[in-house]
Each structure stands twice: as structure tokens, then as C-alpha cells.
Amino acid sequence: MLKYKNISVPDKGEKIEVDGANLIVGDSPIIPFIEGDGIGPDIWKAAQFVLDNAVKKTYNNKRKIEWMEIYAGDKAVRVYGKNQWLPNETIDAIKNFTVAIKGPLTTPISGGIRSLNVALRQKLDLFASVRPIRYFTGVPSPVKRPQDLNVIIFRENTEDLYTGIEFKSGTKDNNKVLNFLNYEFKKNIRDGSGIGIKLISEFGSTRLVQKAIEYAIDNDKKSVTLVHKGNIMKYTEGAFRDWGYKAAKKFFGDITITEDDLRDKYKGVLPIGKILIKDRIADNMFQQLMLRPTEYEVIATPNLNGDYLSDACAAQVGGLGFAPGANLSYSIGLFEATHGTAPKYADKDKVNPGSLILSGVMMLEYLGWKEAAKEIEKAIKRTIKAKTVTYDFARQMSGSKEVKCSVFAKEIVKNMK
Ligand code: NAP
């Protein structure tokens with residue numbers, strides 16, 4: 001077995017193995033978890049309780065997750081020492097054990113890391129951020145028909161304006177870049193402008209769109225929408241759109257059609273077994289998702305658009321407290337709560353653990369344990385229907401009973417069959 005300095009590998013259980021695009025998952029997979037900072041310990045405890053009980057009940061004690069704690073954020077500093085926000089062991093363990101789950105992490109203000117989440121994504125090449133957005137009946141929502149929105153967003157995670165290539169106004173490097181652009185390329189950039197570089201590659205766009213289309217195929221979805229701002233940023237966002245269509249044609253040409261095909265060859269009716277690839281400009285997409293949400297199923301988009309769209313969609317169905325997420329590479333899956341550490345609620349056993357529990361549901365689906373995943377979803381629906389909810393929902397639901405984070409988890413388990 002693997003040996004680490006501060007990570008105890010469970011005696012029981014087995015490593016998940018990877019065979020090409022498939023995971024080989026035994027009955028007791030070892031799964032690393034990062035508890036997270038702030039509200040992390042509270043929501044992790046609640047999520048672990050729900051996941052363990054769902055697996056136990058669904059498979060009659062034949063399956064069990066062997067949890068293995070790994071460290072990042074404040075707790076990593078406590079265990080490993082000063083500035084050790086993201087120890088190498090943590091990265092190694094996720095690579096070795098393939099599937100992991102994490103709570104929210106504080107963004108360090110020192111130690112040379114811009115964001116632990118961005119660092120995790122880059123070090124593990126987790127190129128797709130996946131955010132399913134769907135409505136659970138009874139959850140307070142600001143829109144009239146939240147149930148009409150049921151989309152899954154595949155956001156490119158490693159490129160775009162997030163690579164951190166930036167030049168602060170007034171610095172020597174900034175002047176160098178600015179002068180180069182002004183003199184070599186005859187641009188007219190204002191003195192003192194801050195500079196950030198937007199990078200979108202064919203490689204990055206292709207693998208993201210491929211993953212989105214594969215998901216559409218596996219889950220019987222009828223369309224994949226490429227969301228971009230290519231009308232303005234032609235060689236980055238526009239290129240993402242073009243490379244997306246190219247990937248669809250090259251790898252899935254037998255089952256994908258475009259909107260032109262739909263109109264010209266199929267009289268507007270999508271043939272059975274085909275997937276429609278369409279594209280929308282990002283600003284239009286924000287209103288489309290409010291006004292005509294039923295027309296969208298799978299969305300593939302560059303990093304910045306995806307960041308905004310994910311939270312806007314989550315708000316439509318009740319907010320971030322209930323929005324799950326995953327970061328995927330070709331084989332590694334890191335599942336995570338999408339909200340932050342909400343430090344003012346730390347250790348108060350108060351907040352909604354829904355985001356982390358539903359990320360666990362995604363994780364179970366990823367393992368192929370779909371029955372346990374369904375069981376949790378059904379139990380959550382029953383719990384919300386009974387109006388037994390945490391403070392964030394309670395303050396917007398008339399007639400509800402406000403319960404603590406841990407009690408909400410217990411209610412979900414009680415509501416399992
Ligand atoms: P935040 O932690 O997400 O909290 C903002 C507000 O969202 C909270 O005050 C609370 O609203 C609500 N909220 C968040 N989680 C909730 C939950 N589970 N249940 C109910 N309500 C919840 O955002 P932030 O205050 O901007 O960020 C705090 C820290 O988290 C920062 O260090 C940031 O960098 C980090 N962060 C980490 C991640 C991550 O690890 N994935 C993501 C985002 C931010 P009310 O005040 O209305 O109750």
C-alpha cells in the first residue's frame with residue numbers, strides 16, 4: 001500500500017483503478033476527502049452521514065466507502081506547517097485514488113497561492129468543471145417556473161482569463177508588454193492600463209466539448225449548446241465555437257447535427273438518436289436561460305462565461321447552498337461544494353449541507369452507484385416537501401421548520417426507504 005507522511009491509508013478497502021475511460025470500482029473503494037475550512041467540517045460531517053447511510057441501506061451492507069482524510073487549506077497548515085496550504089501529498093493522493101470530494105477552502109492571503117481551488121484544478125489538470133442545475137420542488141426560488149431549468153454546464157477550467165498571466169499597471173513588465181503591443185502591433189492602448197491575457201486553445205476547447213457531448217450521449221440528452229462571446233472576441237471565444245463544432249463533426253459526426261442541418265435537411269424535427277449542436281452568444285444566453293430554459297440541456301463554455309452562468313443558473317433554482325459541482329480530468333473526479341467557507345457560520349451547525357451532499361450524489365453516479373445516488377435524491381425531495389430545512393430556506397419558506405445542519409442530514413436519512 002502507498003505510504004504518506006500525514007495521510008493514514010485505511011487498512012480495509014481498495015484503490016479505484018482506471019482502465020482506459022472506465023473506472024474499476026470495488027465494493028469498498030478508498031475515497032480521499034478534504035473536510036474544508038469555515039463551515040467545511042459541519043457540512044462534511046452531514047454529507048458523510050448521508051452518503052454512508054445511503055450506500056449501506058441501498059446495498060444491504062455489501063458496499064461501503066472507506067474514507068481517507070487528506071488536507072488542504074487551514075487544516076493543512078495545522079498538520080503540515082506554515083504556508084503548507086496544498087501539500088504535495090494531497091495532490092498525489094487524489095491522483096493515486098482517482099476520485100475525491102472536498103468542502104470549501106479559504107483563499108490564502110499569503111503563501112504564493114492565488115486560489116487553492118484554481119491550484120487544484122491546474123495541478124491535476126481538471127479541465128472540466130461540471131455543474132448540474134435542476135430544481136427540487138419546494139425550494140424557494142426567485143423565478144416563476146424554476147422547474148423549467150434543468151441544465152448541466154461544462155465549463156473549461158484551465159484556460160481563458162484564469163491562467164493568471166497579468167501585468168499590474170505601472171510596473172516594468174506592464175510597460176514592456178504595453179510598448180510591445182503599441183509599437184510592434186500599432187495598437188493604441190492607454191497608458192497605465194492593467195493587462196490580462198486571454199488564452200483559449202483548440203486542445204482545451206476540443207477536450208471540453210468532447211466531454212460535454214459524451215455526457216449528452218450517455219444521458220440521452222438532445223442538445224449541446226456552445227456558449228461564447230465570439231461576435232466580439234473572435235480569436236478566443238469565436239475560435240472556441242468553431243473548434244467546438246469541429247470536434248462535434250470529427251468525433252461524433254454520425255450522431256450530431258447543427259441547427260442548419262435541422263432546418264435544411266430535417267424540416268426542423270430532430271431525428272431520433274441525433275444530438276443537436278447549437279451555439280449562443282453569452283449575453284443572449286443569460287436571457288435565454290431565464291425566458292426559454294426548456295430549450296437547453298447541456299452547455300459547454302469557456303471559463304469566464306461558465307463561472308458567471310453557473311452561479312446565475314444556481315440562483316434560479318434556489319441558490320448556491322444547493323448547487324453541486326465536480327471537476328474532472330479524463331479519469332480523475334474531484335467533487336466539491338460550490339459555495340465558499342461562509343466563515344461567520346463556522347462551527348455553528350447551521351448552514352445548508354445540500355451542495356456537498358448533492359456533490360456526493362454526483363460522485364456516487366461517477367462510481368456507477370446510481371441506485372444509492374437516486375435514494376439520496378428522493379430522500380432530499382421528501383425532506384424539502386416536509387419543509388424541514390436549514391435557515392437559508394426557512395427564511396423564505398412559509399410554514400417551514402428550521403433545523404440545524406446535522407438535523408437536516410438526519411432527516412434526509414430518515415426519509416430514505
Ligand atoms: P461564501 O462563503 O459562499 O458565503 C457567502 C454567503 O452565501 C454566506 O454568507 C451565506 O449567505 C451563503 N452561503 C454560503 N454557503 C452556504 C450554505 N452552505 N448554506 C447556506 N448559505 C450559504 O462566499 P464568501 O463569503 O465570498 O467567501 C468566503 C471564503 O470562501 C473566501 O475565502 C473565498 O475565497 C472562499 N471560497 C471558496 C470556494 C470553494 O472552496 N469552492 C468558493 C467560493 C469562495 P447569508 O449570509 O445570506 O446567510
Side-chain angles (χ1 to χ4, degrees), residues 33-48 50 70-77 85-86 90 94 100-111 113-124 126 129-131 136 139-142 153 155 157 162 164 303 306-308 310-312 314-315 317-328 334-360 362-363 380 383-384 388-397 400 402-409 412:
F33 71 92
I34 297 168
E35 162 181 91
D37 300 324
I39 54 172
D42 279 350
I43 58 171
W44 169 250
K45 245 179 267 146
Q48 189 185 5
V50 171
I70 59 173
Y71 305 93
D74 294 341
K75 197 162 182 183
V77 173
W85 300 95
L86 188 56
T90 297
I94 299 173
I101 185 164
K102 66 174 270 293
L105 295 170
T106 309
T107 301
I109 40 173
S110 63
I113 292 183
R114 287 163 74 91
S115 150
L116 293 175
N117 293 306
V118 174
L120 273 165
R121 287 167 201 166
Q122 289 177 347
K123 282 177 194 260
L124 293 163
L126 301 170
S129 159
V130 184
R131 299 269 294 266
F136 284 86
V139 170
S141 152
I153 299 175
R155 159 187 167 199
N157 233 350
Y162 288 60
N303 212 338
D307 200 355
Y308 296 155
S310 308
D311 281 19
V317 296
L320 285 185
F322 227 55
N327 291 295
L328 307 179
L334 177 60
F335 297 80
E336 67 172 2
T338 53
H339 53 73
T341 58
K344 67 180 174 184
Y345 296 123
D347 303 319
K348 290 201 161 60
D349 193 16
K350 184 174 173 77
V351 295
N352 190 340
S355 172
L356 194 56
I357 293 174
L358 287 168
S359 303
M362 285 177 84
M363 187 190 80
I380 288 178
T383 310
I384 291 170
T388 318
V389 289
T390 44
Y391 84 98
D392 51 325
F393 285 0
R395 66 187 170 189
Q396 300 176 70
M397 277 167 99
S400 60
E402 182 182 327
V403 293
K404 288 175 177 292
C405 172
S406 56
V407 177
F408 183 63
I412 294 173

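No experiment lies behind these values; they were computed from the predicted model shown. We count ligands from 1, going down the list as the structure has it; atoms in each ligand are counted the same way.
Glu35 pairs by the side-chain hydrogen bond (donor to acceptor under 3.5 Å, both in side chains) definition with Lys75, not counting sequence neighbours.
Checked by distance only, ligand 1 and Pro353 stay at 3.5 Å or farther apart across all their nitrogen or oxygen atoms. Considering backbone and side-chain atoms alike, Pro104 places every N or O at 3.5 Å or more from each N or O of ligand 1. Considering backbone and side-chain atoms alike, Ile43 places every N or O at 3.5 Å or more from each N or O of ligand 1.
Within the model, atoms CD1 of Ile94 and CD1 of Ile101 stand 11.5 Å from one another, a figure rounded to the nearest 0.5 Å. Going from atom CZ of Phe33 over to atom CE of Met363 covers 11.5 Å, rounded to the nearest 0.5 Å. In this structure, NZ in Lys102 is found 12.0 Å from OG1 in Thr90, a value given to the nearest 0.5 Å. The distance from the OG atom of Ser129 to the CG atom of Asn327 is 5.0 Å, given to the nearest 0.5 Å.
Residue Ala337 places a heavy atom under 4.0 Å from ligand 1.
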Intermediate values then yes/no, salt bridge (charged side-chain N to carboxylate O under 4.0 Å, His left out), Arg131 and Glu336 = CA-CA 10 Å; Arg131 299 269 294 266; Glu336 67 172 2; over 6 Å; no

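Of the options Val50, Ile412, Val139, a side chain to side chain contact (heavy atoms under 4.5 Å, CB included) to Ile380 is made by Ile412 and by none of the others.
Per-atom contact check: atom 7 (O) of ligand 1 does not touch the protein, criterion being a heavy-atom distance below 4.0 Å. Protein heavy atoms are absent from the space less than 4.0 angstrom from atom 24 (P) of ligand 1. By the definition of a contact as any protein heavy atom under 4.0 Å away, atom 13 (N) of ligand 1 is not in contact. At a distance under 4.0 Å, a protein heavy atom can be found next to atom 48 (O) of ligand 1.
Among protein heavy atoms, the minimum distance from atom 32 (O) of ligand 1 is reached at Thr107 N, 3.3 Å. If you check which protein heavy atom lies closest to atom 41 (N) of ligand 1, you get Asn117 ND2, 3.4 Å. For atom 28 (C) of ligand 1, the nearest non-hydrogen atom of the protein is Thr341 OG1, 3.6 Å. Among protein heavy atoms, the minimum distance from atom 3 (O) of ligand 1 is reached at Gly340 N, 2.7 Å. In terms of protein heavy atoms, atom 2 (O) of ligand 1 is closest to Ala342 N, 2.7 Å. Protein heavy atom closest to atom 21 (N) of ligand 1, with residue, atom name and distance, is Tyr391 OH, 3.1 Å.
Smallest separation of non-hydrogen atoms from Ala323 and Ser355: O-OG, 2.6 Å. Closest approach of Thr383 to Phe408, counting heavy atoms only: CG2-CE1, 3.8 Å. Listed here is the closest heavy atom pair of Trp85 and Ala76: O-CB, 3.6 Å.
Distances below 4.0 Å separate heavy atoms of Leu105 from the following atoms of ligand 1: 35 (C), 36 (N), 37 (C), 39 (C), 40 (O). Shown in contact with Asn352 at under 4.0 Å from a heavy atom are these atoms of ligand 1, numbered in order with element: 17 (C), 18 (N), 19 (N), 20 (C). Near Lys344, meaning under 4.0 Å from one of its heavy atoms, ligand 1 places the atoms 9 (O), 46 (O). For ligand 1, the atoms lying closer than 4.0 Å to a non-hydrogen atom of Lys102 are 40 (O).
Only the side chain of Arg395 comes within 4.0 Å of ligand 1, judged by heavy-atom distances.
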For residues 36-47, which side-chain N or O atoms pair as donor and acceptor with protein atoms under 3.5 Å away, sequence neighbours left out?
| unit_1 | atom_1 | unit_2 | atom_2 | d |
| --- | --- | --- | --- | --- |
| Asp37 | OD1 | Asp74 | N | 3.0 |
| Asp37 | OD2 | Asp74 | N | 3.3 |
| Asp37 | OD2 | Thr106 | N | 2.9 |
| Asp37 | OD2 | Thr106 | OG1 | 3.1 |
| Asp42 | OD2 | Lys348 | N | 3.3 |
| Asp42 | OD2 | Asp349 | N | 2.7 |
| Trp44 | NE1 | Gln48 | OE1 | 3.3 |

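Considering only heavy atoms from C-beta on, Val130 stays 4.5 Å or farther from Arg155 through its side chain.
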